Visitor: 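What follows is a structure written as structure tokens; I'll ask about it next.
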Amino acid sequence: MAKELPSRSEDYSLWYNELVKKADLAEHSDVRGCMVIKPYGYSIWEKMQQALDKMFKDTGHVNAYFPLFVPKSYLAKEASHVEGFAKECAIVTHYRLKNAPDGSGVIVDPDAQLEEELIVRPTSETIIWNTYKKWIQSYRDLPILVNQWANVVRWEMRTRLFLRTAEFLWQEGHTAHSTPDEAVRETLQMLDVYADFAENFLALPVIKGKKSEGEKFPGAIDTYCIEAMMQDGKALQAGTSHFLGQNFAKAFDVQFTSKEGKLDYVWGTSWGVSTRLMGALIMAHSDDDGLVLPPKLAPIHVVIVPIFKTEDELNKISEKANEIASALRKQGYVVKFDNRDTHKPGFKFAEWELKGVPVRLAIGPRDMENGTVEVARRDTKEKQVIKLDQVVAEIPNLLDNIQKNIYQRALNFRADVTTKVDTYEEFKRVLDEKGGFVQAHWDGTAETEAAIKEETKATIRCIPLDAKEETGKCMYSGKPSSRRVLFARAY
RNA sequence: CGGGAUGUAGCACAGCCCGGUAGUGCGCUACGUUCGGGACGUAGAGGUCGCUGGUUCGAAUCCAGUCAUCCCGACCA
């Protein structure tokens, strides 16, 4: 009762906020715009990290760590980069505090001003390319395929748990190559890794595409992205991969001698996903009863709830429950036997549903008598009673089935809210009445893009990589267009 | 950063207009009855009223500042 959620369809934002807090994922800190990720939420993030990290290693990458602080002058070296990030930087100006002369507390010591201010990294391109300059002389030093797990700070005006916080956790890959082809291949490879991860672990279908000039990363030649659809019809950028060309190499004077003995600037990429994926995970699958986790990312796969009146009953049930639990654990599943005698079964059912545990087993005296167990799946809330000796064999199939089902559900939802339109009137009507992705022709100009954004708040999410060649007319300007692009209102 | 709202017990909120011993529900603790979908009864514990300053004999209440959160804008690879 105390934990009941607001309805998803009534107020999506409220539902989201309450769910994040009540499912024990995260909460706002008292520190401006910052978030506390609670143990349960963090354990999901850890599972994401493990899966991603393995995929990075499998594609030849290694991890390293670079400083949190970036000297102001580094950030200034790449013109569009500084322009893109200047408005949201936290800056360290002093290195010492002292007691206030009037005894009112501590103050910043005015004598301890830094000669050059340090920026708390909003992203690490600059400090990393400054380092790469020292690492690279020859084509033999290339490629460099480095990833970093870190926190970054972007002083956003308005924050939202997981989706936009002042500080967030992420990984950022930064690679250096001797040829543009290789760098472009790397950029696209990592985009594929992200899409693969989203679909196979998050159970979240994504659209791979390229950003328009207006939406691309400051300092990139091309920005590629994966775009996902949330249950309220708004899009979410779930990851990006940038082809940096020689922009950062030129800004930081990173040159190498090629096989032919010629001096050239290094070609770069960068790519990242963040704790924003947690937001995507929550908004894509959950319902009014709480979180729905894909089994591959669930910190607990199976919870066993005993139903008992007496200690004697509990002991008998525990014996069976522990048998099942240890058999499942041997197969690598995380099983929670919730034998608390402080809460009733109904309370436990509701609590584990709120937390999104994919499978729940309930065993009571009735089951003990019949040699059965009640199996409930979180995604559909279906319950069935099966033989006790079959349950261990059934669970892997069931978990697999749940993983596939929530992916399929999200895919169906996305298809339902994806609309093809040819006129601007229709475009506006679809956005207001239905939301979702809108496929429309665009003349390719920044002016049209900006005007549409201004008038409808919808942005070009991406130019899908698999967009078919199709002659048409821009819905806004009437000028010719050769393919449809994807519009949506977005987070 | 602009407009609006909020900040009082772990949580949700009332009290503020009209200044005078800090309230309610949930949760928490103990005991009893319960236990197959969020139990009930009885008794109890728990609060520098966001923070700083001002007005006043006296401030949760009035005034100023400040910090944070929420909504709308702006901003946001």
Side-chain angles (χ1 to χ4, degrees), chain A residues 1-6 11-14 16-18 21-22 27-35 78 80-89 104-105 122-125 152 154-161 163-166 168 170 172 210-225 237-244 270-274 276 289-290 305-311 313-314 317 340-354 360-370 372-374 376 381 383 385 453-454 457 459 461-462 490-491:
Chain A
M1 275 188 292
K3 288 203 165 179
E4 228 160 74
L5 287 173
D11 186 337
Y12 199 79
S13 296
L14 185 66
Y16 175 80
N17 276 330
E18 291 297 305
K21 287 177 206 161
K22 287 181 173 158
E27 62 193 22
H28 276 289
S29 148
D30 290 341
V31 182
R32 190 206 168 279
C34 292
M35 172 177 64
E78 216 286 334
S80 58
H81 190 68
V82 66
E83 198 186 318
F85 287 106
K87 283 172 283 186
E88 50 182 22
C89 286
S104 63
T123 179
S124 303
E125 274 78 5
V152 288
R154 295 180 190 178
W155 213 257
E156 303 287 358
M157 288 297 125
R158 220 170 129 187
T159 60
R160 205 145 150 46
L161 288 166
L163 299 178
R164 185 170 293 114
T165 47
F168 57 92
W170 76 344
E172 43 180 330
K210 195 174 179 174
K211 285 289 184 191
S212 65
E213 284 301 301
E215 295 277 333
K216 75 179 191 188
F217 178 73
I221 302 286
D222 287 316
T223 288
Y224 296 88
C225 61
Q237 177 177 300
T240 48
S241 184
H242 316 291
F243 171 56
L244 302 175
S270 66
W271 28 273
V273 294
S274 69
R276 186 174 235 217
D289 295 316
V305 177
I307 296 154
F308 60 96
K309 288 193 179 73
T310 64
E311 203 173 316
E313 271 174 352
L314 176 61
I317 294 166
R340 289 176 293 177
D341 58 4
T342 50
H343 295 276
K344 289 172 52 175
F347 180 93
K348 295 178 185 176
F349 292 171
E351 182 167 271
W352 294 114
E353 275 163 13
L354 181 61
R360 180 188 71 230
L361 306 180
I363 310 176
R366 208 157 67 205
D367 296 300
M368 293 302 285
E369 214 167 286
N370 303 336
T372 58
V373 54
E374 183 191 80
K381 305 209 60 180
K383 289 189 271 199
V385 176
K453 182 177 177 179
E454 170 73 27
K457 295 195 178 80
T459 49
R461 299 319 302 159
C462 67
Y491 279 100

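For the numbers below, each heavy atom of this structure counts, side chains included, while hydrogens, waters and symmetry mates do not. Just so we're on the same page: letters track the sequence lines, and every chain starts at 1. Being a predicted model, the structure only gives us computed values, none of them experimental.
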Visitor: Remember a base hit wins even if backbone is also touched, and classify A:R360 as base, sugar-phosphate or nothing at under 4.0 Å, heavy atoms.
Guide: base
Visitor: On the side chain of A:E353, is there an atom forming a donor-acceptor pair with the base of B:G37 - under 3.5 Å, no angle test?
Guide: yes
Visitor: Looking across every strand, which nucleic acid part, if any, lies under 4.0 Å from A:D367 by heavy atom: base, sugar-phosphate, or nothing?
Guide: base
Visitor: Just call it for A:G364: base, sugar-phosphate, or nothing, with non-hydrogen atoms closer than 4.0 Å on any strand.
Guide: base
Visitor: For A:P122, answer base if it contacts any base atom (sugar-phosphate contacts may also be present), sugar-phosphate if it contacts only those atoms, and nothing otherwise; contact means non-hydrogen atoms under 4.0 Å.
Guide: nothing
Visitor: Applying the Watson-Crick and G-U wobble criteria at under 3.5 Å, what pairs with B:A60? Answer none if nothing qualifies.
Guide: none
Visitor: Quick one: list whatever passes side chain to side chain donor-acceptor pair (under 3.5 Å) with A:W352, sequence neighbours left out.
Guide: A:D338
Visitor: What I'd like to find out is whether the side chain of A:H81 reaches to under 4.5 Å of the side chain of A:F217, using heavy atoms alone.
Guide: yes
Visitor: Between protein and nucleotides 68-74 of chain B, map the contacts as a letter string: B base, S sugar-phosphate only, - none, heavy atoms under 4.0 Å, written 5' to 3'.
Guide: SSS-BBB
Visitor: Between P on B:G36 and CZ on A:F349, what's the gap in Å once rounded to a whole number?
Guide: 8 Å
Visitor: Using atom P in both nucleotides, what's the gap between B:C70 and B:C63 to the nearest angstrom?
Guide: 26 Å
Visitor: I need the NZ-C1' distance between A:K22 and B:G10, as an integer number of Å.
Guide: 14 Å
Visitor: Can you tell me the distance, in whole Å, between the CZ atom of A:F217 and the C1' atom of B:C76?
Guide: 14 Å
Visitor: Does NZ or CZ of A:R360 come closer than 6.0 Å to the centre of the six-membered ring of A:F349, within 45° of the ring's axis?
Guide: yes
Visitor: Scan A:W352 against the nucleic acid and name what it touches under 4.0 Å (heavy atoms): base, sugar-phosphate only, or nothing.
Guide: nothing
Visitor: With C1' as the reference atom in both, quote the distance from B:U8 to B:U61 in angstrom, rounded to an integer.
Guide: 11 Å
Visitor: What distance, rounded to whole Å, do you find between the two P atoms, one in B:C16 and one in B:C72?
Guide: 30 Å
Visitor: Checking all strands, does A:Q237 fall into the base, sugar-phosphate, or nothing category for heavy-atom contacts under 4.0 angstrom?
Guide: base
Visitor: For the pair made of CD in A:E18 and P in B:C11, what is the distance, rounded to whole Å?
Guide: 12 Å
Visitor: If you measure from the C1' atom in B:G47 to the same atom in B:C13, how many Å do you get, rounded?
Guide: 15 Å
Visitor: Just to confirm, is there a sub-4.0 Å distance from OP1 or OP2 of B:C76 to any side-chain nitrogen or oxygen of A:K87?
Guide: yes
Visitor: Before you tell me yes or no, could you show the steps for A:T372 and A:E374 under side-chain hydrogen bond (donor to acceptor under 3.5 Å, both in side chains), namely the whole-Å CA-CA distance, both residues' side-chain angles and the distance that decides it to 0.1 Å?
Guide: CA-CA 7 Å; A:T372 58; A:E374 183 191 80; over 6 Å; no
Visitor: With sequence neighbours excluded, tell me which residues meet side chain to side chain donor-acceptor pair (under 3.5 Å) with A:K216.
Guide: A:E213
Visitor: Provide, to the nearest angstrom, the distance between the CD atom belonging to A:E311 and the C1' atom belonging to B:C35.
Guide: 15 Å
Visitor: Please state the P separation for the pair B:U52 and B:C67 - nearest whole angstrom.
Guide: 15 Å
Visitor: Could you state the CD1-C1' distance from A:I317 to B:G36, rounded to the nearest angstrom?
Guide: 10 Å
Visitor: Which one is paired to B:U42, where only Watson-Crick or G-U wobble pairs with both distances under 3.5 angstrom count?
Guide: B:A30
Visitor: For A:D367, enumerate each residue passing the salt bridge (charged side-chain N to carboxylate O under 4.0 Å, His left out) test, keeping only those at least two apart in sequence or located in another chain.
Guide: none
Visitor: Check each of A:P218, A:C225, A:S270 against A:H242 using the side-chain contact (heavy atoms from CB on, under 4.5 Å) test, and report the only one that passes.
Guide: A:S270
Visitor: Which whole number of Å gives the distance between the C1' atom of B:U34 and that of B:G41?
Guide: 11 Å
Visitor: Less than 4.0 angstrom between a side-chain N/O of A:K216 and OP1 or OP2 of B:A77, yes or no?
Guide: no
Visitor: Please determine, for B:A12, whether a Watson-Crick or G-U wobble partner exists with both distances under 3.5 Å, and give it or none.
Guide: B:U24
Visitor: Does B:G19 pair with anything, Watson-Crick or G-U wobble, both distances under 3.5 Å, and if so, with which nucleotide?
Guide: none
Visitor: Expressed in whole Å, how much space separates the P atoms belonging to B:A45 and B:G25?
Guide: 15 Å
Visitor: Flag the pair A:F168 / A:R276 as yes when at least one side-chain heavy-atom distance between them is below 4.5 Å, and no otherwise.
Guide: no
Visitor: What is the distance from CD of A:E83 to P of B:A77, rounded to the nearest Å?
Guide: 12 Å
Visitor: Check the distance between B:U34's C1' and A:I307's CD1 and give it to me in whole angstrom.
Guide: 15 Å
Visitor: In the structure shown, which nucleotide is the Watson-Crick or G-U wobble counterpart of B:C49, with both distances under 3.5 Å?
Guide: none
Visitor: Mapping A:R276 and A:R366 to their closest nucleotides on RNA chain B, which lands nearer the 5' end?
Guide: A:R366
Visitor: Using the C1' atom in both, what is the distance from B:A59 to B:C18, to the nearest Å?
Guide: 14 Å
Visitor: Given that both distances must come in under 3.5 Å, which nucleotide forms a Watson-Crick or G-U wobble pair with B:C1?
Guide: B:G73
Visitor: Less than 3.5 Å between a donor and an acceptor, one on the side chain of A:K383 and one on the base of B:G37, is that the case here?
Guide: yes
Visitor: Under the side chain to side chain donor-acceptor pair (under 3.5 Å) test, which residues partner A:K453, sequence neighbours left out?
Guide: none
Visitor: Test of understanding: with side chain to side chain donor-acceptor pair (under 3.5 Å), list the residues that count as partners of A:Y12, not counting sequence neighbours.
Guide: none
Visitor: Look at the side chain of A:R154 against the base of B:C76 and say whether a donor-acceptor pair falls under 3.5 Å; ignore hydrogens and angles.
Guide: no
